[in-house]
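For reference, the structure discussed in these notes is given below.
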Amino acid sequence: MPESQTMANSHELLELYKVSKSFGPVQSLADVDLTIPLAKVTALVGDNGAGKSSLVKCIAGIHSADSGEIVFEGKHIKLKSPRDAADLGIETVYQDLALCDNLDIVQNMFLGRERTRKGLLDEDSMEQSAKETLASLSVTTVRSIRQPVASLSGGQRQAVAVAKAVMWNAKLVIMDEPTAALGVAQTRMVLDLVRRLAERGLGVLIISHNMNDVFEVADRIAVLRLGRMVAQEDVKAFDRQIIVDLMTTGSSTRTAAKANSHGIESKEN
Amino acid sequence: MATNLQLQSASLTPPPSKVSGLVRRGRNSMRDLWMGGLLLILIIAFGIKAPTFFSRASWLNTSNTALEVLLVALGETFVICTAGIDLSVGANLGFSAMAGAWAMSHLFSVGAGSDIGIVLVGVVAAIITAALVGALNGALIAWANVPPFVVTLGTLGMTTGLADLINNGQEISAIPTSIAHVGNLNIGGWMPIPVAFGAIITIICALILAKTRFGAHTLSLGDSRESVIRSGINDKRHIFKVYVLAGVLAGIAGVIVMGRLGAASPTSGSSDNLSAIAAVVIGGTSLFGGRGTILGTVFGTGIIAVLLTGLIVINVPPFWQEVAVGAVLIAAVYVDQLRGKRRAKA
């Protein structure tokens with residue numbers, strides 16, 4: 001992406017305006033606005049069926065929105081395929097991770113983008129880059145980058161999937177329930193990783209059911225309910241109760257001030 | 001409420017164990033060695049039972065049998081690595097040889113061009129025919145989404161019938177004799193030219209599977225097609241190419257068999273399906289896809305070929321050959337399944 005093309009708003013990486021998506025008679029997204037800033041973690045929350053997955057798939061290029069506009073780095077874009085999204089620097093880490101169990105870490109990280117020299121795979125160069133990327137994300141628990149991913153723990157698999165995204169110069173990393181199947185220590189590791197991505201200046205969109213995770217890792221929270229965006233604020237404007245209210249009824253009577261103090265409380269817990 | 005949500009999501013599945021994976025990895029790399037060892041034991045056993053097994057005639061016989069099976073098995077390795085199957089390779093061998101011989105006999109009867117020119121036309125015709133059958137398989141499997149088993153069972157029937165139709169079920173022997181000269185030439189009496197040629201093809205296939213992008217995509221397709229698609233690889237086009245490759249290799253095998261016999265028979269290759277699939281599976285390539293090596297297939301083919309010729313050398317009636325290969329195939333698949341179950345548990 002040439003540097004000369006300056007962005008309309010240097011802090012916003014991705015902006016959605018009035019994005020709608022229907023599947024037959026079912027409208028899963030209705031006029032959704034969403035802003036994802038650079039260097040921040042935005043959490044997308046909502047009950048089952050709220051449209052979180054549909055929204056993510058629209059950003060990842062798997063679905064194309066029926067209507068609405070998507071602006072990436074200040075430019076209007078159309079996403080027709082996952083490849084389009086990847087070319088822009090939008091990488092999605094799905095819940096099922098989609099790793100090849102029999103392949104090792106290096107092979108997985110380079111799948112589809114293998115480096116070759118004289119027609120043969122350039123294993124040394126790929127190994128080197130994989131190592132550097134993992135090290136830059138402080139992923140140090142992996143014994144060998146030549147072990148098959150089937151032998152990794154859940155958190156390590158998540159780390160490999162994230163590292164794969166980061167290695168391809170992602171600007172926006174979308175993570176779908178990254179801690180869903182993980183134990184306490186593994187969750188810790190993944191949340192640290194998420195924070196590190198934001199510290200590197202990437203935009204991060206994380207979908208999570210887990211309020212602990214959301215409050216711990218997010219800078220901003222966006223709440224979807226029945227396909228509509230009901231709130232989108234700095235994390236300070238929320239507490240758990242407000243989010244639950246918003247997720248279930250679409251509004252909350254609690255005030256931001258109360259929420260703020262409550263939010264601090266919950267962090268102390 | 002919040003804690004409820006948290007509990008739900010925290011305890012879905014336990015993370016997979018680290019140790020079992022490492023142990024299995026060790027087993028995988030050991031497996032090729034095991035197969036090599038088994039092959040050696042088999043050779044020694046037959047040799048002790050019948051010392052003529054170590055004769056030059058026996059070696060030439062074994063290596064020729066092995067070559068035919070190996071060429072077909074190489075293509076089958078790629079196919080099985082994608083978690084597919086190609087049941088048509090053996091019949092494709094006979095059909096493409098017949099097609100090549102038909103082209104040669106027509107040119108030969110009108111006396112068009114030199115022998116070498118005619119042979120070249122025949123070789124190209126055979127390989128193109130085989131590639132077209134592979135392309136038909138690949139297109140139906142990749143784009144029409146018909147399961148590989150059904151598509152290749154169908155083309156198995158079609159190519160068997162077509163091979164018979166070409167010359168009314170008879171073999172074609174009115175082809176230049178020069179093809180048989182090359183087909184039976186030996187270097188130093190011990191190394192048949194076709195076997196040397198097959199060795200080169202084998203090395204090329206081994207490099208493709210283990211060291212190229214094509215090979216990496218082949219293995220990952222069988223492992224997780226979803227991740228291949230998400231990686232932006234054109235999965236359908238790749239599957240198509242793999243079946244075309246299997247067809248081309250069957251065609252080369254057809255040419256080599258034709259060279260050895262100096263004629264083309266519609267029934268040649270008909271028992272190679274069984275042998276080739278058995279060789280691939282014995283060689284450690286998983287029918288579940290995602291795991292396989294050419295070296296394993298070479299050892300697997302060696303085991304099958306030694307079994308086939310060895311049984312003759314120790315005077316077992318030849319009808320027992322296919323019984324033995326069939327039993328070995330089932331045993332190899334059973335072992336593969338045990339490994340698959342272990343993987344599922346990991």
Side-chain angles (χ1 to χ4, degrees), chain A residues 60 62 81-83 86-87 92 94 96-104 107-108 110-116 119-121 123 143-144 146-157 164 177 179-184 186-187 208-215 240-241 243-244 247-248 266, chain B residues 1-26 28-29 81 83 207-217 219-235 238 286 288-292 342-346:
Chain A
I62 292 175
S81 74
R83 198 80 212 177
D87 288 345
T92 310
Y94 293 93
D96 59 7
L97 299 178
L99 298 171
C100 289
D101 279 350
N102 290 310
L103 301 190
D104 64 36
Q107 289 169 321
N108 267 288
F110 279 90
L111 182 58
R113 298 180 257 204
E114 295 85 357
R115 282 186 202 155
T116 55
L120 299 184
L121 295 175
E123 301 283 357
R143 252 166 302 177
S144 158
R146 281 298 175 186
Q147 67 190 97
V149 298
S151 68
L152 300 178
S153 72
Q156 288 171 328
R157 290 167 66 92
K164 181 181 179 181
E177 298 278 2
T179 59
L182 304 183
V184 176
Q186 303 280 342
T187 299
S208 187
H209 267 107
N210 188 319
M211 290 302 142
N212 275 345
D213 291 359
V214 168
F215 277 101
R240 283 150 196 268
Q241 192 54 49
I243 289 187
V244 172
M247 276 167 58
T248 50
S266 69
Chain B
M1 182 74 193
T3 43
N4 277 347
L5 288 171
Q6 181 194 330
L7 280 176
Q8 271 176 9
S9 54
S11 58
L12 278 175
T13 47
S17 134
K18 293 176 198 176
V19 184
S20 61
L22 281 176
V23 172
R24 196 187 50 248
R25 174 102 171 144
N28 278 353
S29 43
C81 279
L207 280 176
I208 291 176
L209 186 59
K211 298 276 173 217
T212 67
R213 210 174 264 192
F214 185 88
H217 294 178
L219 287 164
S220 49
L221 251 175
D223 197 325
S224 164
R225 188 161 177 182
E226 190 60 35
S227 64
V228 167
I229 295 168
R230 286 185 199 162
S231 298
I233 299 166
N234 189 333
D235 58 319
H238 191 84
S286 170
F288 302 98
R291 197 153 36 79
R342 208 180 296 133
R343 175 171 56 166
K345 275 181 201 159

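Remember, predicted model here, so these are calculated numbers, not experimental data.
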Could A/Asp101 and B/Arg291 be called an ion pair, given the rule that one side-chain N must be under 4.0 Å from one carboxylate O?
no
Would you call A/Arg240 and A/Asn212 a side-chain contact if the rule is heavy atoms closer than 4.5 Å?
yes
Among B/Arg230, B/Glu226, B/Arg225, the residue with the most heavy-atom pairs under 4.5 Å to chain A is B/Arg230
B/Lys211 and side chain to side chain contact (heavy atoms under 4.5 Å, CB included): which single residue from B/Ile208, B/Leu207, B/Leu209 fits?
B/Leu207
If you count heavy-atom pairs under 4.5 Å with chain A, which of B/Gly222, B/Ser220, B/Ala216 comes out on top?
B/Ser220
Within the 4.5 Å heavy-atom criterion, are B/His217 and B/Ser231 side-chain neighbours or not?
no
Proximity breakdown for A/Gln107 and chain B, heavy-atom pairs closer than 4.5 Å:
neither
Shortest non-hydrogen contact between A/Ala150 and A/Arg157, atoms and distance
CA-NH1, 4.0 Å
I'd like to know which of A/Ile62, A/Leu120, A/Leu121 tops the heavy-atom pair count under 4.5 Å against chain B.
A/Leu121
Chain B contact via A/Leu111 - side chain, backbone, both or neither, heavy atoms under 4.5 Å:
both
